[in-house]
Amino acid sequence: MDEIKRIEQLRKELHEHNYRYYVLNQPTIGDQDFDFMMHELQDLEARHPEMADENSPTQRVGSDLNAEFRQVEHKYPMLSLANTYNEQDVADWYESVKKGLAGEDFEVCCEMKYDGLSISLTYVDGRLTQAVTRGDGVHGDDVTANVKTIRSIPLVLAPPAGNDLFAAPPYPREFEIRGEILMPWAVFERLNKEREEAEEPLFANPRNAASGTLKSQKSSLVASRQLDAYLYYLLGEQLPAEGHYENLEIARQWGFKISEGMKKVKTLQQIYDFINYWDKARKSLPVATDGIVLKVNSLRQQRSLGFTAKSPRWAIAYKFKAERVCTRLNEVTYQVGRTGAVTPVANMDPVQLAGTTVKRATLNNEDFIRSFDLHIGDYVYVEKGGEIIPKIVGVDIAQRPIVAQPVAFIKRCPECGTPLVRYEGEAAWYCPNDTGCPPQIKGRIEHFIARKAMNIDSLGPETVDDYYRQGLIKNVADLYQIEVQQINGDGSRTKSAQRIVNGIAASKQVPFERVVFALGIRFVGETSAKLLARHFKNIDALMNAGLEELQEIEGIGEVMAKSIITYFHDEKNLDIIRRLREYGLQMELSEEQTAAASDKLAGQSIVISGVFARHSRDEYKAIIEQNGGKNVGSISSKTSFILAGENMGPSKLQKAEKLGIRIMSEEEFLQLLE
């Protein structure tokens, strides 16, 4: 056999072995034999570059090259599902479907709700051509290179004829299949153990770990994390069946990993039986689940039922109640955040909860501890809020040891020893040493580089910690002194080092209002920073503002005003601002922003709803703020008017009509501001 034919044969066999191992869990060869075949194919492809194929099994290992994600518009919008938490809501949905179908018989497909990252896969002529994240439902990130490293996702579908493994109806020339990218529990536990040993921040849950992994700009890292995928919805023209369940069973034969827990039912009681069974059985699954998804099975009936503004009427998600366990409280330790807030953490006997080993839980603040009268040695009840963050929800007083001592909140910072303070109206205790406490210093730098602040996306918390330990940075101003030769290691990281330096330099163009937010003044959030920037227009006026002048600004209270004055009376902070100004950061509103500002919407609270033609929703939010208005998320009697685009949510429209609130079109709004 010549080498070209051998390449084709190896690719076909390796694709099939991947399917048997990662989808069917029925391998027919050992790992060593698989590796031998893979190495042979790699060698042959190296000798025949003309045979390059982006969907070859050898591409599963990924690349170490950094790759920027481009935004892609979904052919079919990826809407979210309405959530329900009890059987009555399920019954209400079932009755609404029956009413919507005018009493016509219907079937419901019951599926597991996997807790991962939604993905849309496009296949053309049986080959994976594009993988896109959900994003905002209309646009998502193109993560095709990373998804190709996930071995349970087929790169090439075998021809439907002449192969018993894929004996199924032909797949359409082009179709889309959606599902969930997941990190298995076993991989998650191993990864967090490795991160703990390396003193790196732990992932909160498998979903966050999977999301962070898939967004990595190195596909080789994605490959090493061993992500998995379950597919649950087929879209396109000329689908093989009229039923959703039937289409997924056929897609399973095409080579896709479809849940074995899927079931088609007809009655409400059968739905309840499915929910009750999986509420217990899910705990033995290898991946995270947080509920059940119910879908009307007939595609014709789905089209008839249609959509609301946010979700399909023919589907609903039932969320499981949080699992609760009891374990012993051994110790309370304390963590210091960016703002100096000190958070108590419960350290407990390890216990299995919702698929992970839990041994720590947040205690929020001193008042929370007192509300439970916590003692060291208590047996506490622990749940996961939204199946993610462990929290203590109760104490078994009957098991309290006689010698148990109440938990006493610390008086000094555990990191720098400074006496803690508690501000009026605040539940948390704070370390006031914001310029000398290591966690606060690093936290302020991490806040400074964040997307909504200076947006230096080439840096991350781990890099900040590394630079801080090396002594390269001790405050945010030090970032602008970093040079490529300082951070390129032995010379092998020159490209990434140059990217970091370029990213830092590019941040000098970030507008003034985000610079104010990036400074990390205690109690000053994103909205408050905009108010301050637009009122004072430059950093000097803000620095010299008095207490009364600050409090005259709507939304700036006494506590925040005092914090602003304290910040600008600290010589270390003033030195940082002086340096940032010298490095070229924007310390005043641009001429364009100043010219665009007005008070035409002063005192008005405005709700934005729908899709717009002239500007994006974010742009309209900025326009409203530039003209003195306030963006609000929900309708109330205090709402001044609704800026409404196409497809405004029916519930918002109904509420606006009930309260007599004006609906203003896009054109009317722009005319108002001219």
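All of these numbers come straight from a predicted model, not from anything done at the bench.
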Quiz prompt | Electrostatic pair K537:E588 at N-O distance under 4.0 angstrom | solution = no

Quiz item: Do E383 and R324 meet the salt-bridge criterion of a basic N to acidic O distance under 4.0 Å?
Solution: yes

Quiz item: How many angstroms lie between OH in Y379 and CD1 in I397, if you round to the nearest 0.5 Å?
Solution: 14.0 Å

Quiz item: Got a donor-acceptor contact below 3.5 angstrom from the S259 side chain to the G261 backbone?
Solution: yes

Practice problem: Check step by step if salt bridge (charged side-chain N to carboxylate O under 4.0 Å, His left out) holds for K530 and E513. | Solution: CA-CA 5 Å; K530 290 178 181 177; E513 58 193 28; 5.2 Å; no

Self-check item: Aromatic plane relationship, Y230 with Y114 - under 30° parallel, 30 to 60° tilted, over 60° perpendicular
Solution: parallel

Exercise. Tell me, yes or no, whether the heavy-atom count around Q335 atom CD, taken from other residues, nucleotides or ligands under 6.0 Å, exceeds 12.
Key: no

Quiz item: Can R581 and D540 be counted as an ion pair, charged N to O under 4.0 angstrom?
Solution: yes

Quiz item: Does CD belonging to Q470 count more than 12 external heavy atoms closer than 6.0 Å?
Solution: yes

Quiz item: Quick check: does any side chain N or O of D279 sit under 3.5 Å from a backbone N or O of I275, one acting as donor and the other as acceptor?
Solution: no

Self-check item: Side-chain donor/acceptor of S118 to backbone N/O of E180, under 3.5 Å
Solution: no

Quiz item: So C437 and V336, side chain to side chain contact (heavy atoms under 4.5 Å, CB included) or not? Walk me through it.
Solution: CA-CA 9 Å; C437 185; V336 183; 4.2 Å; yes

Quiz item: Got a donor-acceptor contact below 3.5 angstrom from the N347 side chain to the N330 backbone?
Solution: no

Quiz prompt | Residue pairs fulfilling salt bridge (charged side-chain N to carboxylate O under 4.0 Å, His left out) with at least one residue in residues 337-350, sequence neighbours excluded | solution = none

Quiz item: Which pair of non-hydrogen atoms, one from F523 and one from S563, has the smallest distance, and what is that distance?
Solution: CD1-CB, 3.7 Å

Self-check item: Under 3.5 Å donor-acceptor, T463 side chain and L459 backbone
Solution: no

Exercise. Name all residues meeting the ring pair (Phe, Tyr, Trp, His ring centres under 6.0 Å) criterion together with H447; count only those two or more places apart in sequence or in a different chain, and write none if there are none.
Key: F517

Exercise. Step through the shown structure and confirm whether more than 12 heavy atoms of other residues, nucleotides or ligands are within 6.0 Å of CD on E582.
Key: yes

Quiz item: Given the rule in the side chain to side chain contact (heavy atoms under 4.5 Å, CB included) test, do I608 and N631 qualify, once you have shown the distances and angles that lead to the verdict?
Solution: CA-CA 8 Å; I608 298 178; N631 289 292; 3.7 Å; yes

Practice problem: Check F188 against P206 and note the closest heavy-atom contact, atom names and distance. | Solution: CE1-N, 3.5 Å

Exercise. Determine, stepwise, if the pair D290 / R207 fulfils salt bridge (charged side-chain N to carboxylate O under 4.0 Å, His left out).
Key: CA-CA 11 Å; D290 61 355; R207 177 174 52 79; over 6 Å; no

Exercise. On the 0 to 90° scale, with breaks at 30° and 60°, tag the Y318-F320 ring pair as parallel, tilted or perpendicular.
Key: perpendicular

Practice problem: Check whether any side-chain N or O of S371 sits under 3.5 Å from a backbone N or O of F368 as a donor-acceptor pair, and report yes or no. | Solution: yes

Exercise. Please report the C-alpha distance between R400 and D373 in whole Å, then the side-chain angles of each, then the deciding distance to 0.1 Å, and finally whether the salt bridge (charged side-chain N to carboxylate O under 4.0 Å, His left out) criterion is met.
Key: CA-CA 11 Å; R400 176 173 289 168; D373 185 29; 3.4 Å; yes

Practice problem: Test I316 against V90 for side chain to side chain contact (heavy atoms under 4.5 Å, CB included), laying out the working first. | Solution: CA-CA 8 Å; I316 196 170; V90 172; 5.6 Å; no

Quiz item: Step by step, would you call Y423 with R522 a side chain to side chain donor-acceptor pair (under 3.5 Å)?
Solution: CA-CA 11 Å; Y423 300 103; R522 184 170 289 153; 2.7 Å; yes

Quiz item: Is a side-chain donor or acceptor of N573 paired with a backbone partner of Y567 at a separation under 3.5 angstrom?
Solution: yes

Self-check item: Distance, nearest 0.5 Å, that separates NZ of K283 from CD of Q352
Solution: 11.5 Å

Quiz item: In this structure, are over 12 heavy atoms from other groups packed under 6.0 Å from K508 atom NZ?
Solution: yes

Quiz item: Got R579 and N475 here, is their nearest side-chain heavy-atom distance under 4.5 Å?
Solution: yes

Practice problem: Inspect the contact between D575 and K572 and indicate whether a charged nitrogen and a carboxylate oxygen are less than 4.0 angstrom apart. | Solution: no

Quiz item: Less than 4.0 Å between a side-chain N and a carboxylate O, is that true for E446 and K442?
Solution: no

Practice problem: Please list all pairs passing the salt bridge (charged side-chain N to carboxylate O under 4.0 Å, His left out) test where one or both residues lie in residues 410-423, with sequence neighbours left out. | Solution: E366-R422, D367-R422

Self-check item: K630 (side chain) donor-acceptor with I606 (main chain) under 3.5 angstrom
Solution: no

Exercise. Output yes when a side-chain donor or acceptor of N146 lies under 3.5 Å from a complementary backbone atom of L214, and no otherwise.
Key: yes

Quiz prompt | Verdict with supporting geometry, K621 and E625, salt bridge (charged side-chain N to carboxylate O under 4.0 Å, His left out) | solution = CA-CA 6 Å; K621 286 181 179 180; E625 290 171 351; over 6 Å; no

Exercise. Run the salt-bridge test on E558 and K562 with the 4.0 Å N-O cut-off and return the result as yes or no.
Key: yes

Quiz item: Going through the distances and angles, do L532 and I564 end up as a side chain to side chain contact (heavy atoms under 4.5 Å, CB included)?
Solution: CA-CA 10 Å; L532 292 167; I564 293 167; 3.7 Å; yes

Quiz item: Is a donor on one side and an acceptor on the other found under 3.5 Å between the side chain of Q440 and the backbone of C431?
Solution: yes

